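Before any comments, here is the structure.
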Amino acid sequence: MTAIELRGVRKEFGDVTAVRDLDLTVAEGEVYGFLGPNGAGKSTTIDMLLDLVRPTAGTVRVLGRDATGDGVAIRRRTGVLPDGFSVYDRLSGRKHVEFAVRSKEADDDPDALLERVGILDDADRKAGGYSKGMRQRLALAMALAGEPDLLVLDEPSSGLDPAGAKEMREIVQTEADRGATVFFSSHILEQVDAVCDRVGILRDGELVAEDSVEGLREAVGGEETLEIAVGDADGAGGADDAAVEAVRAVDGVSRVDRDGDALVVSCADGAKTRVIAALEDAGVAVDDFHTREASLEDLFLAYTEGDTPTADEDESGSDPPDDDAADEEVDR
Amino acid sequence: MSLAAIAEKDFQDAVRSRGMIALVALFSLLVAVFAFVIRPTGQGEQFATELLLRFFVRPFLVTTLVPLVAVVIGYNAVSGERESGSLKLLLSLPHSRADVVFGKVVGRGVALSVAVFAGFLLPAAVLAVLAQTGGLAAFNAGSYFGFTVFAAILGVVFVAIAVGCSAAASTQRRALIGGVSIYVLFVLLWGAVTGQFLGAAGGIVDPLPVSTEQVRTFLRVSNPTTGVEILSNAFLAERLFSGENVNRQISAASMLVFWTVAPPLVGLWKFDADDL
């Protein structure tokens with residue numbers, strides 16, 4: 001059975017189209033990462049799964065039921081971590097979880113759930129005094145109540161520090177191992193990387209790519225991008241054409257570009273030290289270098305900010321190309 | 001089940017607010033002041049419970065302050081959660097929107113009733129003790145308690161109207177405007193507005209098999225504050241649902257039920273169709 005099935009879904013708010021002709025299927029037991037920049041329509045899509053927002057056209061089915069007509073039955077078997085929610089300031093964390101357990105007619109021990117998300121020590125405090133991260137954990141505890149068949153997590157790591165984000169991923173993994181379907185959205189790719197069976201990338205309300213993480217990685221050939229600052233302040237020791245040619249000749253390098261005094265090198269994993277060595281052999285002073293985001297991130301940016309590899313002809317994609325990644329590190 | 005869970009949570013949330021304690025204190029203080037004003041001064045004079053209730057507690061407290069408090073408690077019930085985002089948390093759980101609206105009516109209605117009972121009965125307890133010890137002659141505890149029930153009923157009716165308005169409003173601002181309008185209409189301007197209505201609708205009423213006077217009475221009884229006034233008067237006169245104006249009492253009571261149910265339903269109808 002499919003856990004989530006969207007067919008030709010379209011949502012308009014006034015004259016703004018938030019989601020257009022979206023087809024999406026998530027199998028039972030799958031962990032699906034729903035990616036896209038802010039404003040791409042992720043939350044609108046999730047709101048339609050939960051019947052907070054009704055589609056203008058198309059059908060939304062969750063756990064085999066119609067989302068608009070059968071919302072309560074769906075949510076009885078679904079755990080939800082919403083985005084942009086707020087807590088009941090005057091009620092304690094434990095009261096929140098007790099309420100969730102009662103609402104789902106489950107028999108979980110609220111303390112066990114609070115323990116699992118790491119806020120048991122603060123269970124008796126009023127939730128109004130919780131930090132953003134603790135609120136996020138509290139909502140997760142509420143979502144986990146009643147062993148849901150489906151978990152819908154909207155930007156689950158927002159407000160969490162790296163350790164918290166890791167715990168969140170571990171909980172997602174545990175739930176998936178238990179057999180639950182997990183559907184979560186994010187605008188940060190690395191969160192998705194580790195846990196997802198499959199990812200879909202949404203842009204301007206349309207699904208522009210959908211594949212396994214490995215599949216997406218293969219699409220960019222497993223490359224990484226090096227940014228190398230060369231030369232000193234008065235320009236001496238910079239990279240001349242000969243040096244660029246020398247780098248280009250290094251095994252595993254696919255592309256070299258000059259960016260002011262810096263070199264941008266696309267190369268295979270592991271070619272980094274050979275590139276640096278080649279530059280030094282050519283008499284170039286390597287001032288500083290770093291690896292720009294994982295190549296998967298580049299793919300994500302490519303899909304979501306214009307030049308998509310699938311050459312999606314979309315007149316609304318008005319973002320100027322190629323000025324996004326170059327704005328760090330060229331300020332010397 | 002779901003409705004009860006929401007009502008209970010909302011009640012717990014409401015009674016934890018500081019406003020709740022302030023409210024009980026305000027009610028108690030006012031009742032105490034009124035009781036002091038009408039205290040028996042001469043020897044052998046009796047404590048005038050009916051006087052206290054009819055001419056002090058009702059006009060100043062019950063039909064003026066209780067509706068105001070009820071509107072303040074109710075107007076942000078749904079719209080406030082909608083604006084803050086806690087509604088997302090609530091509707092992530094298996095609750096229908098109807099559960100939310102009616103759960104709020106029940107939760108906040110009960111919270112206001114608790115405030116009314118606590119605020120009214122604390123000073124009454126003092127009076128009752130004084131009456132027991134002979135410090136005060138003839139405090140009628142039964143009348144007083146019954147009257148408190150009517151005050152709570154009126155509170156619940158106004159909570160229901162305000163919650164309905166809150167459910168229909170897409171923003172807090174609109175809910176606030178709606179709440180103020182409810183108060184102004186029912187408490188301050190009902191007579192004037194219905195008078196205008198009768199004047200304008202004369203042509204429509206005439207062909208109907210009812211007299212203008214009957215319509216006027218109906219409109220008067222339709223106001224929940226008047227309804228509670230009629231019923232509480234009958235109660236104090238020990239003629240509740242008996243005596244010559246029993247029909248008027250029945251229509252007053254049914255209008256109170258109408259105002260408790262209809263506004264939340266209308267609010268729900270709008271709320272249910274909205275994207276949140």
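Nothing here was measured: the structure is a model prediction, and the numbers come from that model. All chains are named by letter (A, B, ...) in the order of the sequence lines, taking the proteins before the strands, and each is independently numbered beginning at 1.
- When the shell of 6.0 Å around CG of A:Asp161 is examined, it contains more than 12 heavy atoms from other residues, nucleotides or ligands.
- Using a 4.5 Å cut-off between heavy atoms, B:Asp99 makes no contact with chain A at all.
- One finds the OH atom of A:Tyr88 at 4.0 Å from the CG atom of B:Leu90 (value rounded to the nearest 0.5 Å).
- For the pair A:Lys11 and B:Asp275, the salt-bridge criterion is met [side-chain N within less than 4.0 Å of a carboxylate O].
- Shown here for B:Pro94 and A:Ser103, the closest heavy-atom pair between the two residues is CG-O, 3.3 Å.
- Rounding to the nearest 0.5 angstrom, the gap separating the CG atom in B:Leu276 from the CG atom in A:Leu52 is 5.5 Å.
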Start with the C-alpha distance between B:His95 and A:Val72, add both sets of side-chain angles, then the distance that settles side chain to side chain contact (heavy atoms under 4.5 Å, CB included), and finish with yes or no. CA-CA 6 Å; B:His95 302 299; A:Val72 173; over 6 Å; no
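- Contacts with chain A (heavy atom to heavy atom, under 4.5 Å) involve these residues of residues 65-88 of chain B, listed by number: B:Glu81, B:Ser84, B:Gly85, B:Ser86, B:Lys88.
- Interface remark: B:Asp10 contributes no atoms to any contact with chain A (heavy atom separation under 4.5 Å).
- Annotation for B:Phe197: atom CZ does not count as buried by contact number, only 12 or fewer foreign heavy atoms lying within 6.0 Å.
- Closest of all the heavy-atom pairs between A:Ser86 and B:Leu89 is O-CD2, 3.8 Å.
- Residue B:Arg173 qualifies as open at atom CZ: its count of foreign heavy atoms under 6.0 Å is 12 or below.
- Counting only distance, with no hydrogens or angles, the side chain of A:Arg75 and the backbone of B:Ser92 share no donor-acceptor pair below 3.5 Å.
- In the displayed structure, A:Gln173 atom CD is contacted under 6.0 Å by more than 12 heavy atoms of other residues, nucleotides or ligands.
- For A:Arg102 and B:Glu8, the salt-bridge test passes: some basic side-chain N is under 4.0 Å from an acidic carboxylate O.
- Near-neighbour residues of residues 158-166 of chain B relative to chain A, defined by a heavy atom under 4.5 Å from a heavy atom of that chain, are none.
- No more than 12 heavy-atom neighbours from other residues, nucleotides or ligands sit within 6.0 angstrom of CZ on B:Arg174.
- Between B:Arg16 and A:Lys95 the shortest side-chain heavy-atom distance falls below 4.5 Å.
- The two residues B:Asp274 and A:Arg54 make their nearest non-hydrogen contact at O-NH1, 4.1 Å.
- Note that the NZ atom of B:Lys9 and the NE2 atom of A:His96 stand 7.5 Å from one another [nearest 0.5 Å].
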